[in-house]
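Here's the structure we're looking at; comments come further down.
Just so we're on the same page: letters track the sequence lines, and every chain starts at 1.
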Amino acid sequence: MTTLAHLQENVAIILPEHGLREKLARASKENRPLVIKLGFDPTAPDLHLGHAVVLKKLRAFQELGHQVVIIVGNFTAQIGDPTGKNKSRKPLSKEAVMENAATYIRQLSRIIDTGKCRVVFNGEWLDRLTFNEILQLLSKVTVAQLLHRNDFNKRFTENVPIAMHELMYPILQAFDSVEIKADIEMGGTDQLFNCTTGRHLQEAHDLEPQIVMCMPLLRGLDGVEKMSKSLNNIIGLTDTPEDMFGKTMSIPDHLITEYIDLATDFSEDERSALRERLSSGENPMHIKKLIAGNIVRQYHDAGSAEAAEAFFINQFQRKVFEEKTFDMVLIASLGLKDLTVPLLDVCHRLKQDETRSGIRRLIVNGAVTLDNEKRVDPVELVRLKSGMRVKIGKRLFVELV
RNA sequence: GGGCAGGUUCCAGAGUGGCCAAAUGGGGCGGACUGUAAAUCCGCUGUCUACGACUUCAUAGGUUCGAAUCCUAUCCUGCCCA
């Protein structure tokens with residue numbers, strides 16, 4: 001595969017179409033690395049496989065010696081990217097920004113070489129703009145252009161409020177490209193508008209416009225929406241091997257080919273082999289196991305991948321209760337006064353993220369099992385003893401000790 | 001600035017004095033089935049010291065035996081006019 005083909009693999013949108021070839025040629029002639037821009041908002045950062053799609057592409061550039069510039073949008077975060085969801089965000093404290101940036105970069109380092117990245121904060125230049133300069137910027141973009149953007153257009157036609165400052169978001173993000181003289185801006189396809197606005201602004205500032213490269217949006221566990229923390233459908237880069245494996249197994253079958261292409265690092269041959277097996281009618285579960293194993297291997301290691309698969313098979317596929325893996329929990333650590341307590345209390349101690357009402361419902365609905373016997377009475381008194389095995393819902397297995 | 005419409009539980013969206021913790025759908029959760037897939041069926045979906053109590057229908061007051069529903073003020077949004 002040629003370098004160009006490699007760089008363009010899986011890319012959903014590239015503008016202008018042949019721009020990348022020219023950029024690469026120019027860079028090598030001038031003997032300089034290309035500046036590749038990646039921006040993020042320092043709101044609670046939890047990177048997932050969807051981000052990884054973009055990051056892997058970034059890594060490909062990095063491996064060729066190009067310069068990745070990470071822009072921490074500490075200024076733009078105050079607005080919040082109106083893409084998709086439309087909630088205005090609260091300003092973050094400076095400490096929170098720094099801390100989030102640090103976690104973000106720590107997670108990035110799982111995929112790209114952060115040691116070689118330049119990290120900048122866009123407050124550095126955006127904070128300093130005078131009103132005059134802002135007006136200059138605004139004069140470069142028309143309302144019609146902004147309304148072209150899908151989410152604005154949609155909200156506008158549906159009479160959903162759009163605050164003026166939200167309209168600024170793409171423009172400010174675009175100005176970042178001017179500031180760092182980006183050669184290429186990467187993002188998901190949902191970033192298309194923001195990125196092309198970068199091109200416009202660069203041209204208006206007599207800079208060579210950046211190439212826009214948008215990666216497809218990986219869909220999340222629900223099989224419909226893009227992977228996104230707020231939709232609670234992510235496979236996180238920092239998930240445990242078991243979770244990664246299990247979550248991958250739970251994706252709907254129609255997502256399999258998408259995951260083969262975007263989430264695994266199989267070779268081209270291996271991929272087509274998998275697709276072949278899938279279309280020949282093999283049980284999709286087998287293919288998913290291979291995908292899941294591959295994913296775990298990428299973010300953990302081969303040993304964890306094997307263990308995760310074994311865990312999955314035993315925990316969820318085989319039906320033998322006695323042989324499942326139970327998390328050990330000290331009875332003493334539950335903070336109960338007595339060893340004979342209502343079932344509700346025990347379960348609540350074991351699953352504290354749930355309200356007592358929620359636990360009560362779980363019990364009544366038959367989600368709770370004591371030593372493999374269903375218990376449906378929340379006030380039933382149970383005598384706790386070492387070795388007692390409690391199962392709550394599909395995933396919580398606990399052995400008291 | 002004027003006129004009109006509106007702000008309901010995770011979302012959409014009913015409800016216009018008591019039968020309302022609030023229809024219906026979606027989502028989520030749980031159970032059955034299964035491949036932690038899809039489809040299907042059933043149940044749950046404000047909180048709690050739980051056959052009762054408490055807090056919710058933009059906010060603050062008020063009328064009433066009783067309000068999400070009526071009145072007043074305030075805040076917010078959309079549309080139209082200027």
Side-chain angles (χ1 to χ4, degrees), chain A residues 84-88 152-166 219-226 228-235 239-260 274 277-278 281-293 295-296 308-321 324-325 336-338 341-345 347-348 350-369 372-381 390-397:
Chain A
K85 289 283 172 185
N86 49 11
K87 286 173 193 143
S88 307
F152 287 145
N153 191 9
K154 189 161 178 275
R155 283 163 66 184
F156 187 70
T157 52
E158 289 174 2
N159 291 339
V160 178
I162 304 171
M164 286 296 289
H165 72 299
E166 294 185 86
R219 279 177 291 176
L221 302 180
D222 55 277
V224 180
E225 302 292 339
K226 70 173 178 184
S228 150
K229 176 110 190 283
S230 55
L231 295 173
N232 203 4
N233 63 359
I234 70 169
I235 300 177
D239 280 353
T240 62
E242 291 77 21
D243 272 356
M244 267 191 182
F245 197 97
K247 284 181 178 180
T248 306
M249 291 308 291
S250 79
I251 61 168
D253 289 354
H254 67 263
L255 248 51
I256 291 179
T257 50
E258 190 172 320
Y259 272 61
I260 291 176
L274 286 180
R277 287 169 64 179
L278 193 61
E282 184 169 346
N283 186 342
M285 178 190 60
H286 300 320
I287 314 295
K288 277 204 271 192
K289 278 186 178 169
L290 294 171
I291 297 172
I295 290 174
V296 177
E309 176 160 3
F311 176 82
F312 174 81
I313 291 171
N314 189 57
Q315 202 77 350
F316 302 113
Q317 292 195 306
R318 294 183 62 209
K319 299 295 179 196
V320 188
F321 182 83
K324 300 213 179 290
T325 304
L336 296 167
K337 292 188 207 92
D338 208 333
V341 290
L343 181 59
L344 177 62
D345 290 14
C347 294
H348 185 53
L350 293 174
K351 193 169 166 55
Q352 301 191 0
D353 57 332
E354 193 53 89
T355 61
R356 287 179 70 82
S357 297
I359 297 287
R360 182 181 294 269
R361 278 179 230 123
L362 282 171
I363 296 173
V364 173
N365 284 334
V368 172
T369 271
N372 207 17
E373 273 179 48
K374 195 174 276 194
R375 302 300 182 94
V376 294
D377 179 8
V379 296
E380 174 193 358
L381 292 175
V390 187
K391 174 172 177 266
I392 305 176
K394 288 171 177 155
R395 267 170 267 168
L396 188 61
F397 295 81

I need the CG-P distance between L221(A) and G28(B), as an integer number of Å. 11 Å
Distance between the C1' atoms of A50(B) and A21(B), in whole angstroms? 15 Å
Interatomic distance, I313(A) CD1 vs U36(B) C1' [rounded to whole Å]: 13 Å
Taken to the nearest whole Å, CZ/R360(A) to C1'/U45(B) is 15 Å
What is the base-pairing partner of A50(B), counting Watson-Crick and G-U wobble geometry with both distances under 3.5 Å? none
I want to check something: taking the side chain as every heavy atom from C-beta on, are L290(A) and R277(A) in contact at a cut-off of under 4.5 Å? yes
Just compare A50(B), G35(B), U77(B) and give me whichever is closest to any side-chain atom of P161(A). U77(B)
For L344(A) and H254(A), find the nucleotide of RNA chain B closest to each by heavy atoms; which residue's nucleotide sits nearer the 5' end? H254(A)
Which whole number of Å gives the distance between the P atom of U56(B) and that of C10(B)? 14 Å
For the residue pair F397(A) and F316(A), does the interplanar ring angle fall in the parallel (under 30°), tilted (30 to 60°) or perpendicular (over 60°) class? perpendicular
Is there a donor and acceptor pair, one atom on the side chain of D253(A) and one on the base of G35(B), closer than 3.5 Å? yes
Is there a donor-acceptor pair closer than 3.5 Å between any side-chain N or O of R155(A) and the backbone N or O of P161(A)? yes
Of the listed nucleotides (U36(B), G31(B), G30(B)), which one gets closest to any side-chain atom of N365(A)? G30(B)
What is the glycosidic conformation of C19(B): syn, defined as within 90° of 0, or anti? anti
Atom pair distance, as rounded to whole Å: CD1 in I359(A) and C1' in U49(B): 17 Å
Closer than 4.0 Å, any side-chain N/O of R361(A) to the OP1 or OP2 of U47(B)? yes
Mind checking the C1' distance from U55(B) to U9(B)? Whole angstroms is fine. 12 Å
Inter-nucleotide P distance (A60(B), A37(B)), Å rounded: 45 Å
Just name whichever nucleotide pairs with C4(B), Watson-Crick or G-U, keeping both distances under 3.5 Å, else none. G78(B)
Do V224(A) and R219(A) touch side chain to side chain, with heavy atoms closer than 4.5 Å? no
Within this structure, what is the CG-to-P distance between L362(A) and C44(B), rounded to whole angstrom? 14 Å
Tell me whether the OP1 or OP2 atom of U36(B) has a side-chain N or O from Q317(A) closer than 4.0 Å. yes
Residues S357(A) and T355(A): side-chain donor-acceptor under 3.5 angstrom: no
Determine the interatomic distance between C1' on C80(B) and the same-named atom on G66(B); round to the nearest Å. 40 Å
Applying the 3.5 Å cut-off to both distances, the Watson-Crick or G-U partner of A68(B) turns out to be none
So does I234(A) get a backbone contact from the side chain of K247(A), meaning a donor-acceptor N/O pair under 3.5 Å? yes
Across all strands shown, which nucleotide pairs with G30(B) by Watson-Crick or G-U wobble geometry, both distances under 3.5 Å? C42(B)
Identify whether any heavy atom of G246(A) sits under 4.0 Å from a base atom; if not, whether one sits that close to sugar-phosphate; answer base, sugar-phosphate or nothing. base
Both distances below 3.5 Å, Watson-Crick or wobble geometry, any strand: find the nucleotide opposite G35(B). none
Within the structure, does a side-chain N or O atom of K288(A) lie under 4.0 Å from either OP1 or OP2 of A37(B)? no
Within the structure shown, what part of the strands sits under 4.0 Å from L255(A) by heavy-atom distance: base, sugar-phosphate, or nothing? nothing
In whole angstroms, how far is the P atom of G26(B) from the CG atom of D222(A)? 16 Å
Counting C-beta onward and ignoring hydrogens, is there a side-chain heavy-atom pair between M285(A) and Q317(A) closer than 4.5 Å? yes
Side chain of P252(A) only, please: which of A37(B), G78(B), G31(B) is the nearest? A37(B)
Which listed nucleotide (G35(B), U49(B), C79(B)) is nearest to the side chain of R356(A)? U49(B)
For N232(A), I'd like to know if atom CG has over 12 heavy atoms of other residues, nucleotides or ligands within 6.0 Å. no
Using the P atom as the reference point in each nucleotide, state the distance between G61(B) and A68(B) in Å, no decimals. 15 Å
F245(A) CZ to G35(B) C1', straight-line distance once rounded to whole Å: 12 Å
Using both distances under 3.5 Å as the test, list the Watson-Crick or G-U wobble partner of U59(B), or none. A73(B)
Please report the distance separating the P of C57(B) from the corresponding atom of G52(B), rounded so that it comes out in whole Å. 23 Å
Using the P atom as the reference point in each nucleotide, state the distance between C19(B) and A53(B) in Å, no decimals. 14 Å
Would you say A50(B) has OP1 or OP2 under 4.0 Å from some side-chain N or O of S357(A)? no
Between C1' on G30(B) and CZ on R375(A), what's the gap in Å once rounded to a whole number? 18 Å
Go ahead and name the base partner of G25(B); Watson-Crick or wobble counts if both distances stay under 3.5 Å, otherwise write none. C11(B)
